[in-house]
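Read the numbers this way: they start at 1 and go in the same order the structure lists the ligands and their atoms.
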Amino acid sequence: MTIFTDKMEEFGHEQLIFCQNKDVGLRAIIAIHDTTLGPALGGTRMWPYETEEEAIIDALRLARGMTSKAAAAGLNLGGGKAVIIGNSKTDKSEALFRAMGRFVESLQGRFITGEDVGIDVNDIEYMYMETRCVVGLSRAHGGGGDPSVVTAFGLVQGMRACTREKFGSESLQGLTVALQGLGNVGYHLAKFLTDHRVKVIGTDIDDEKVRRAVDQLGIVPVKPDEIYQLHADIFAPCALGGIINDETIPQFKFKIIAGSANNQLQEDRHGDDLQRRQILYAPDYVINAGGLINVFVELEGYDRERALRMTRSIYYNLTRVFEIARRENVPTSKAADRLVDQRINTVKQLKNMYTGHSLHRQRWETRRM
Ligand code: NAD
């Protein structure tokens, strides 16, 4: 067996698809992890991977993450991801994305895709010319537009669940949040928080973004490497993955970690470290699901009110994670994985029951002919 089939077997991936169209220079990989709950949904990433192996591993890893995110959010979606091997600054063309759209279409609804690193709404609209299995369209095309405001709204719901668990109150007023990254999500989060009289101390490597947040929202700026040592109630990582690690954890005086960045724990064992230090960690894929909920709503006809209403459920999803962590005495990161397994296994069992739908529908169709 190859390293890839080994990985697929280890993590239970269903399908790995290699896509090539030499005429337009497309080389892409689509990974479908688990479709127990529904069609696999995950963005398409464009990245100049050095090797095909690197691209495949990334697609497999990201697809698995999407299964967890959708399952924990209570959505009827599975997990998948696509990667296009190429440079997003120099290799983009209408033909390339339309070719990609045709590959997505060929999967007949098993895979739905949208934006990820290196892809923007124009690329999605080229794919949309060839397939309806895309999300993240502009508002003009009936899409949900920029999801980051919904992601930030979800973070606030999650923070409330955290403060209730840690301090016995879901009010954020008067607390201090250390915010890393003042980009799309970070800026909206800072706005929500300052509107609720939360003190925000923020940082970004881009001075322009820091200035905007200071001028428009009145946040207190610090240098990027000072963020980890702050005396703040909550740390909100909204920039990079892997920032909870052996180097940063000993610096933490935070009580709660709740932010949007994906894959915040550098390794699983760092979740155990946080538990030992009594720092309450909101697992990233549970608290940052607002963007995914936003595109899910798009599938059924976009409605911002509905997206925000559904995003409020992040509060309850985290509450359930904390209950599992307490009951089973495990770190919250492991408790979230258990919540995911529970939901997928329950739905698997449900599917054992024959509902007669297909036979019924067949008869109905025959009668109408
Ligand atoms: P973004 O690129 O708009 O913002 C990230 C910001 O982090 C940038 O301003 C960047 O300059 C800054 N940054 C990078 N390295 C830094 C460092 N070392 N210290 C301080 N700042 C640094 O991205 P975004 O859309 O705001 O997403 C933020 C994170 O949340 C990403 O990890 C993303 O994967 C994740 N996420 C985003 C969404 C969404 O709806 N946009 C949904 C789920 C998860």
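Note: no N/O pair closer than 3.5 Å links Asn288 and ligand 1 by distance alone. Note: an N/O pair closer than 3.5 Å links Asn184 and ligand 1 by distance alone.
Heavy-atom contacts of Lys209 reach the following atoms of ligand 1: 8 (C), 9 (O) (cutoff under 4.0 Å). Below 4.0 Å from some heavy atom of Gly181 lie the following atoms of ligand 1, by number and element: 7 (O), 21 (N).
Counting only heavy atoms of the protein, atom 14 (C) of ligand 1 lies nearest to Ile205 CD1, 3.7 Å. Counting only heavy atoms of the protein, atom 4 (O) of ligand 1 lies nearest to Gly183 CA, 3.4 Å. In terms of protein heavy-atom proximity, atom 29 (C) of ligand 1 is closest to Ser260 OG, 3.5 Å.
Here Asp204 does not pair with Lys209 in a salt bridge; the nearest charged N to carboxylate O distance is not below 4.0 Å. A salt bridge between Asp337 and Lys334 is absent, with no side-chain N of the basic residue lying under 4.0 Å from a carboxylate O of the acidic one. In summary, Lys191 and Asp195 engage in a salt bridge, as defined by a charged side-chain N under 4.0 Å from a carboxylate O. A salt bridge is absent between Glu208 and Arg212; no separation between the charged side-chain nitrogens and carboxylate oxygens falls under 4.0 Å.
Only side-chain heavy atoms of Thr151 come within less than 4.0 Å of ligand 1; its backbone N, CA, C and O stay farther off. The side chain of Leu240, and not its backbone, has at least one atom closer than 4.0 Å to an atom of ligand 1 (non-hydrogen atoms only; side chain from C-beta on).
Under the 4.5 Å side-chain contact rule for hydrophobic residues, Ile279 and Ile287 do not share a cluster.
The heavy atom nearest to atom 22 (C) of ligand 1, out of those in Ala239, Pro147, Gly43, is found in Ala239. Nearest to atom 5 (C) of ligand 1 by heavy atom, out of Ala261, Gly136, Cys238, is Cys238. Here the shortest heavy-atom distance to atom 6 (C) of ligand 1, taken over Ile287, Val185, Asp116, Asp204, belongs to Asp204.
Within the 4.0 Å cut-off (strictly below), a protein heavy atom is located near atom 25 (O) of ligand 1. Atom 34 (O) of ligand 1 is approached by the protein to below 4.0 angstrom, counting heavy atoms only.
Side-chain contact between Arg164 and Ser169 is absent, with no heavy atoms from C-beta onward closer than 4.5 Å. Met159 is not listed as a side-chain neighbour of Val198, based on a closest heavy-atom distance of 4.5 Å or more. Residues Glu14 and His33 have side chains not in contact (no heavy-atom distance under 4.5 Å, counting atoms from C-beta outward).
Taking Ile, Leu, Val, Met, Phe, Trp and Tyr as members and joining any whose side-chain heavy atoms lie under 4.5 Å apart, directly or through other members, the hydrophobic cluster of Ile17 also contains Val24, Leu26, Ile30, Ile32, Met46, Ile84, Leu96, Phe97, Met100, Phe103, Val104, Leu107, Phe111, Ile119, Ile124, Tyr126, Met127, Tyr128, Met129, Val134, Leu137.
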